[in-house]
Amino acid sequence: MDIEAMRGGYTTGSCATAGMKAALMALLQEEYPTRVTVINPQDTPIEVPVKSVEVLSDTEARATVVKDGGDDPDVTHGTDVVTTVQLTDDGTLQFRAGFGVGTVTKPGLAMPPGEPAINPGPRIMMTTVFNEFCTAGQGVIVTVSVPNGEVLAKKTLNSTLGIEGGISIIGTTGIVKPMSEEGFKNSLVPQLTVMKAAGYETAVLVPGRIGQELAKNVLGIAINQMAETSNFIGFMLEQCVKAGFKKIVIIGHIGKIIKLASGSFHTHNRMSDGRMETLVAYAALDGASTKVANEIMECRTTEAAMPILAREHLTSVYQRVADRASMRSERYIANEAEVGIIIATLDGEILAVDETAKRIGGEEHWQIPSTL
């Protein structure tokens, strides 16, 4: 599908703002809109449908908006965002986290600990609504709830970031752009700011579950010292440098790490998939015959090649992969940080650790097996 023809959507921040506006219209103007227009931080109008509006008392009203991610739906797509407004006489706008909306518990995020996880973008949008509807001396308490928020939060990075109790109300532009790889990448970055704010000097990058479980259960690394990278390992290496980390360790499955060894730092299989070719090259360097090289090349995965490498006494290849991945990673970030590598099997067995990772692991008191 042509990305330009795909339908956009609106963020949870736009939903909450639209709900706030609809509730205030019902409370102050006795209007019950089915659509409202809100203004994003870039002064662009966004039209948002309203599911329902209800006046609860002379000073309180509630509106529900259904999150629509367009043709690029995320975990919140289709969920209700419920915004309740309560009038006060203190002249201020206050934000509160209702059920299913998280609270910030760690420093390093856009909002300080103790604040509702309602990001600056949505707060700017809701402040615009506040200024539009409220006169001098009139205040509003805005409570945002997401009935399914606690369940949805388990599918996000919130627990890693220190956001407890639900999802975040987010959006820097209020608009969801279809197939936004950039948006997904940027959602990974706060893991590093939280890590830095917690005082860690070494950043641990894990492409997925295998690296995370190995780091936590075998090496004894705190979850707060890890950042998920998905397929964007090169991007996250760059972000580590920007965040000020001078020591980085990447922990993951050989199928991911071998791509780094060959110089591929966007590891999605449609972007880079020279795993078997790289494995064959390294096996040949360690003495594999043409027959064995062809046998390895016929394997569909690095795991499938492991019995062959073991049979031919070529397990030294794993160390070659780790060492080369370390060198290529440091080159990728212009040697602005040290990068150690730990590679593992699907079952979480450590295959190789390069010298940088061994040294950093010793300094960090990780439980790296001494036999490696």
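Figure legend: cation-pi geometry between K196 and F245, with NZ or CZ positioned under 6.0 Å from the six-membered ring centre and within 45° of its axis.
Looking at heavy atoms from C-beta onward, T17 lies out of side-chain contact with T128 at the 4.5 angstrom threshold. Using a 4.5 Å heavy-atom threshold, the side chains of F235 and V189 count as touching. In this structure the side chain of S145 never reaches within 4.5 angstrom of the side chain of T84, judged on heavy atoms. Counting only heavy atoms from C-beta outward, the side chains of T92 and F130 never approach each other to under 4.5 Å. F232 has its side chain within reach of H266: a pair of non-hydrogen atoms, C-beta onward, lies under 4.5 Å apart. A heavy-atom distance below 4.5 Å is found between the side chains of M195 and L192. K21 has its side chain out of reach of V48: every pair of non-hydrogen atoms, C-beta onward, lies at least 4.5 Å apart.
One N or O on the side chain of Q191 and one on the backbone of E228 form a donor-acceptor pair closer than 3.5 Å. The closest donor-acceptor contact from the side chain of Q225 to the backbone of T202 lies under 3.5 Å.
Taking the charged nitrogens against the carboxylate oxygens, E355 and R359 have no contact shorter than 4.0 Å, which rules out a salt bridge. In summary, K185 and E238 do not engage in a salt bridge, as defined by a charged side-chain N under 4.0 Å from a carboxylate O.
A donor and an acceptor atom, one from each side chain of S316 and D286, are located under 3.5 Å apart.
Within 6.0 Å of atom CD in E31, more than 12 heavy atoms from other residues, nucleotides or ligands are found, so the atom counts as buried in its surroundings. Within 6.0 Å of CZ in R300 there are 12 or fewer heavy atoms belonging to other residues, nucleotides or ligands. Heavy atoms from other residues, nucleotides or ligands lying under 6.0 Å from CD of E30 number 12 at most. For D58, the CG atom counts as loosely surrounded, since its 6.0 Å shell holds 12 or fewer non-hydrogen atoms of other residues, nucleotides or ligands.
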Note to self: side-chain hydrogen bond (donor to acceptor under 3.5 Å, both in side chains), that's the test. Do T76 and K67 meet it? Break it down for me.
What the structure shows: CA-CA 7 Å; T76 60; K67 164 68 189 298; 2.7 Å; yes
Note to self: Assess the residue pair I221 and I251 against the criterion (side chain to side chain contact (heavy atoms under 4.5 Å, CB included)); give the C-alpha distance rounded to whole Å, side-chain angles, the decisive distance to 0.1 Å, and a yes or no.
What the structure shows: CA-CA 11 Å; I221 300 173; I251 306 174; 3.8 Å; yes
Notebook entry, point to check: What do the steps show when you test V142 against I118 for side chain to side chain contact (heavy atoms under 4.5 Å, CB included), and what is the final call?
Noted result: CA-CA 11 Å; V142 178; I118 301 173; over 6 Å; no
Note to self: side chain to side chain contact (heavy atoms under 4.5 Å, CB included), that's the test. Do V204 and W366 meet it? Break it down for me.
What the structure shows: CA-CA 12 Å; V204 178; W366 298 340; 3.7 Å; yes
Checklist line | Residue pair D347, T345: steps toward the side-chain hydrogen bond (donor to acceptor under 3.5 Å, both in side chains) verdict | finding: CA-CA 5 Å; D347 294 331; T345 66; 5.0 Å; no
Checklist line | Stepwise side-chain hydrogen bond (donor to acceptor under 3.5 Å, both in side chains) check, E164 with T105 | finding: CA-CA 7 Å; E164 303 293 340; T105 65; 4.6 Å; no
Next item on the list: Check the pair N224 / K106 against side chain to side chain contact (heavy atoms under 4.5 Å, CB included), numbers first and verdict last.
Entry: CA-CA 10 Å; N224 294 337; K106 296 177 183 176; 2.3 Å; yes
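Annotation: the span from T135 atom OG1 to N131 atom CG amounts to 11.5 Å, rounded to 0.5 Å. Rounded to the nearest 0.5 Å, atoms CZ (R275) and OG1 (T267) are 10.5 Å apart.
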